[in-house]
Amino acid sequence: MARMAPTLAQLFALLKNDEPSDDSEIGILFGTSSEILQAESPAGANELSVREAEVAEWLFDLQDSSVSATENESSSPEKDSDPLNKEGSKAIEKSPDYIEIYLCLDKHSGSSKNASPKSEEKSLISEKGSLESKEKQKESEEKSLITISEGSLESKEEEESLENPSDSSEKGEAPTPKPKKSVRMKCNENVSVSVSEIPSMPKLMTLKSCPSVGMSLESFDQIDNSPMFRSNGTGGNGESNAMVEEAWELLKKSYVYYKGKEVGTLAAMDPSAETLNYNQVFVRDFFPSGLACLMKDPPEPEIVKNFLLKTLHLQGWEKRIDNFTLGEGVMPASFKVLFDSHRLKETLIADFGGSAIGRVAPLDSGFWWIILLRSYTKCTRDYALAELPEVQRGMKLILNLCLSDGFDTFPTLLCADGCSMIDRRMGIYGYPIEIQALFYFALRCARQMLKPERGGKELIERIDKRITALSFHIQQYYWLDFTQLNKIYRYKTEEYSHTAVNKFNVIPESIPDWVFDFMPLRGGYLIGNVSPARMDFRWFLLGNCIAILSCLATGAQATAIMDLVEERWEDLVGEMPLKIVYPALEGHDWRSVTGFDPKNTRWSYHNGGSWPVLLWLLTAACIKTGRPQIAKRAIDLVEQRLSKDGWPEYYDGKTGRYIGKQARKYQTWSISGYLIAKMMIENPSNLVMISLEEDKRIANPRLTRSASFPP
């Protein structure tokens, strides 16, 4: 009768004490049944073999090394001096697709160490004989094993042996060389990798496909930025690599130059369509292009720096539409470079909304600019740029516009239709989730980069108050899941005073019928808009993903959002990722809300169209919530058609099957969005450029009773 396998703790104790074992087989298991790391002893052995003892020593060394490495990194002056790491952190929920292994390797990997043997019997057994007998017994399993030779994992033992020489050393005897250690790991893939073949292996490895193992942004900060961990998205098969190479070439061709320096990328390069304003550099369109350049190997931060400075220069221009002057802090929606034939030099022409379809100033441009500045600083460690007086002033002008006193009773930002990515009339006026999430993200990024001098201290205090109130408001009133939907369905109306449950006096009969069928039992999302007597129940992907990346959504809410994407995959992803909004407006709603807009017909463009650029946002949110398998599935769908279709701007149809009727091809942010998704899924450490950790002060605000509230 087979004996029960010993537990991990029992096995460690057994190996550490060097006691003989009566078990016919000893296994060391990690993770689940799908990922097994095993070190076996020969069947029928009565005493602990050298291999098993060395495996145990390696495991103890590995544990000690990882702890000491973590302590050293946490106390290193370089990390502590990073002003972008000021905020509190919280471990993100467990990831089903990554496992982290900390290794402490000697720089001369593969070299033998001089260490004292623990027993005379161990020194008589050679590694070669052990390996040969093992290979004969396990010849049928060799193809499914990965051998990791650890020839230099005894750095700690070597230090101990130097401090406490063995008896043989004291007597003048030469120490016996210790056999080279090896650990066999069973894996799903038929690949053989030897650590001794990689002398520059960093401390942290990230392996794919290990369920129920988590990670956090702190782990990503520890990843070495050496070339072996950097990737340009060419880690897939041949067809995928060709698509990535094509994308990089197209992105390079889209560069816009001003006085010999690249300052941005064109919106699109479709030779078969009228240019309109697609030959300009849009602030929101350049954001994914800039990220792709920062994540590239090697990075190309110069174009990002030039873009930030050039748009900052344009912010200082006088901004007039008809006889009205816009606020000083408004950033341009776009700009283009023209050659002045009279002056014989290049000039810049900026658009602050006066040339847009709706004649609306771009509220999101300033937010994207601040977030990109933080990404640039995080990537390059070039803190000098953010500390420039001109850059500090530019941030303050943007924030003063948003934090100015008014008649608002909510911490959210009041917006007009068409002020963001959805730049046409689509019923998002009021307090749209996209703007609120970007607003929150920009406030937290600015909070990290602002200096207290020259009025910065007072502005930081205003930011702290606003982000606390804003996070509470969004988490409390924008969140919708099955339970909350049922509460709203049972709301009473015409409630007065502070005891009201239906605080916005939403009429339950205004809940659209589609919501009841769309809402799963598992999952939830932040709805599109909340204002007096109005709730927009539509799903907006950009706002929900930005809420996850900025920690505006709580950890539980972020997980529920990913659950919803999985549960409603056919609706929100379909055949081509991803729906910008769900569902589409039809019939009377389309006529009254869009004003018969022929471009925003049902399941087209902003009205339920599928936008490939949103792939990078979904990928980042998936990695942060520990659900990269969702992003991989979406990337696979994109790779089937996007390049063959000519990199279109958007797709039409309920499932995104058809190229958009007015979609420009070779759309730059469709190209850069794909590149970011590929680089992030292959190297999750890129997430730190575009994600924030949860701030404990915001998560646990101090609540006080109002003076007018009765006891």
Side-chain angles (χ1 to χ4, degrees), residues 364 409-415 417 419-422 426-441 469-491 493 501-554 556-568 571-572 578-586 589 593 606-608 614 617-618 621:
D364 62 336
T409 56
F410 313 130
T412 43
L413 208 57
L414 184 62
C415 312
D417 239 340
C419 64
S420 60
M421 178 181 175
I422 301 178
M426 269 291 293
I428 65 167
Y429 63 89
Y431 307 92
I433 184 60
E434 174 181 336
I435 292 298
Q436 311 314 319
L438 285 172
F439 180 35
Y440 180 84
F441 203 170
L470 183 59
S471 62
F472 175 82
H473 184 88
I474 297 296
Q475 294 167 11
Q476 187 75 17
Y477 302 120
Y478 278 67
W479 180 250
L480 187 72
D481 55 13
F482 180 82
T483 302
Q484 184 64 18
L485 178 60
N486 208 162
K487 290 180 180 179
I488 298 173
Y489 177 70
R490 293 168 51 84
Y491 268 172
T493 59
V501 176
N502 185 1
K503 295 183 181 295
F504 297 94
N505 197 34
V506 176
I507 310 301
E509 286 74 18
S510 67
I511 303 175
D513 293 337
W514 65 266
V515 179
F516 297 101
D517 296 327
F518 176 74
M519 179 59 67
L521 293 175
R522 184 177 71 100
Y525 65 102
L526 298 169
I527 63 176
N529 214 316
V530 176
S531 57
R534 179 188 176 220
M535 295 182 99
D536 185 352
F537 290 92
R538 287 177 294 175
W539 153 272
F540 291 84
L541 182 132
L542 194 151
N544 277 269
C545 287
I546 290 294
I548 292 175
L549 296 176
S550 64
C551 285
L552 176 58
T554 66
Q557 289 173 347
T559 299
I561 291 171
M562 290 295 104
D563 290 339
L564 180 78
V565 173
E566 284 190 311
E567 292 285 339
R568 295 293 178 259
D571 296 325
L572 304 180
L578 288 145
K579 290 295 179 191
I580 186 173
V581 59
Y582 181 89
L585 299 172
E586 303 181 68
D589 289 338
V593 173
H606 297 140
N607 189 16
L614 299 176
L617 280 163
L618 178 69

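Counting all heavy atoms, side chain and backbone alike, Val530 lies closest to Met535 at CG2-CE, 4.3 Å. Residues Gly543 and Ala437 come closest through the heavy atom pair O-CB, 3.6 Å. In terms of heavy-atom proximity, Ile474 sits nearest to Gln436 at CD1-CB, 4.0 Å. The two residues Ala547 and Leu526 have their closest heavy-atom pair at CB-CD1, 3.5 Å. A pairwise comparison of heavy atoms in Pro411 and Ala469 identifies CG-O, 3.5 Å as the closest pair. Closest heavy-atom contact between Pro432 and Asn529: N-ND2, 3.6 Å.
Looking at residues two or more places apart in sequence or on another chain, you find no ring-ring contact (aromatic ring centres under 6.0 Å, His included) involving Phe537. With sequence neighbours left out, the side chain to side chain contact (heavy atoms under 4.5 Å, CB included) criterion links Asn502 to Tyr491, Thr493, Glu495, Asn505, Val506. Among residues two or more places apart in sequence or in another chain, the side chain to side chain contact (heavy atoms under 4.5 Å, CB included) test is passed with Tyr429 by Asp417, Arg534. With sequence neighbours excluded, the residues forming a side-chain hydrogen bond (donor to acceptor under 3.5 Å, both in side chains) with Asp536 are Arg538, listed by chain and number. For Phe441, the ring-ring contact (aromatic ring centres under 6.0 Å, His included) test picks out no residue, with sequence neighbours left out. Every residue meeting the salt bridge (charged side-chain N to carboxylate O under 4.0 Å, His left out) condition with Asp563, not counting sequence neighbours, appears here in chain and number order: Arg522, Arg627. In this structure, the side chain to side chain contact (heavy atoms under 4.5 Å, CB included) partners of Asn486, at least two apart in sequence or on a different chain, are Tyr489, Arg490. Scanning for ring-ring contact (aromatic ring centres under 6.0 Å, His included) contacts around Phe540 gives an empty result, with sequence neighbours left out. Residues satisfying the side chain to side chain contact (heavy atoms under 4.5 Å, CB included) test with Ala584, not counting sequence neighbours, are Arg602, Trp603, Asn607.
Going from atom CZ of Phe518 over to atom CG of Leu480 covers 9.5 Å, rounded to the nearest 0.5 Å. How far CG of Leu542 is from CD1 of Ile422: 8.5 Å, rounded to the nearest 0.5 Å. For the atom pair CD1 of Ile527 and CG of Asn544, the computed distance is 10.5 Å after rounding to the nearest 0.5 Å. Atom CG of Asp481 and atom CD1 of Ile561 lie 11.0 Å apart (nearest 0.5 Å). A distance of 11.0 Å separates CD1 of Ile488 from OG1 of Thr483, quoted to the nearest 0.5 Å. To the nearest 0.5 angstrom, Met519 atom CE is 11.5 Å from Glu567 atom CD.
Counting heavy atoms from C-beta outward, His473 and Thr412 have side chains that approach closer than 4.5 Å. When side chains are defined from C-beta on, Tyr431 does not count as touching Leu413, because their heavy atoms never get closer than 4.5 Å. Between Ile548 and Met562 there is a side-chain heavy-atom pair separated by less than 4.5 Å. Contact of the Phe439 side chain with the Ile546 side chain is not registered, since no non-hydrogen atoms from C-beta on lie closer than 4.5 Å. Proximity of Leu541 to Val565: side-chain heavy atoms (C-beta onward) are nowhere separated by under 4.5 Å. Side-chain atoms of Phe410 and Tyr477, non-hydrogen and from C-beta on, never get closer than 4.5 Å to each other.
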After noting the C-alpha distance and the side-chain angles of Met426 and Leu585, does the key distance pass the side chain to side chain contact (heavy atoms under 4.5 Å, CB included) rule?
CA-CA 9 Å; Met426 269 291 293; Leu585 299 172; 4.3 Å; yes

I'd like to know whether Trp539 forms a side chain to side chain contact (heavy atoms under 4.5 Å, CB included) with Ile433, so could you lay out the CA-CA distance, the side-chain angles of the two residues, the decisive distance to 0.1 Å, and finally the verdict.
CA-CA 10 Å; Trp539 153 272; Ile433 184 60; over 6 Å; no

Test log, rule side chain to side chain contact (heavy atoms under 4.5 Å, CB included), inputs Met421 and Leu438
CA-CA 12 Å; Met421 178 181 175; Leu438 285 172; over 6 Å; no

When you look at Leu572 and Leu578, which way does the side chain to side chain contact (heavy atoms under 4.5 Å, CB included) test go after all the steps?
CA-CA 6 Å; Leu572 304 180; Leu578 288 145; 5.9 Å; no

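Enclosure of atom NZ in Lys487 is not indicated, since only 12 or fewer non-hydrogen atoms of other residues, nucleotides or ligands lie within 6.0 angstrom. Counted within 6.0 Å of CZ on Phe482, heavy atoms from surrounding residues, nucleotides or ligands total 12 or fewer; the atom is thus considered open.
For residues 506-515, no pair satisfies side-chain hydrogen bond (donor to acceptor under 3.5 Å, both in side chains), with sequence neighbours left out. Residue pairs satisfying the salt bridge (charged side-chain N to carboxylate O under 4.0 Å, His left out) criterion with at least one member in residues 539-548, sequence neighbours excluded, are absent.
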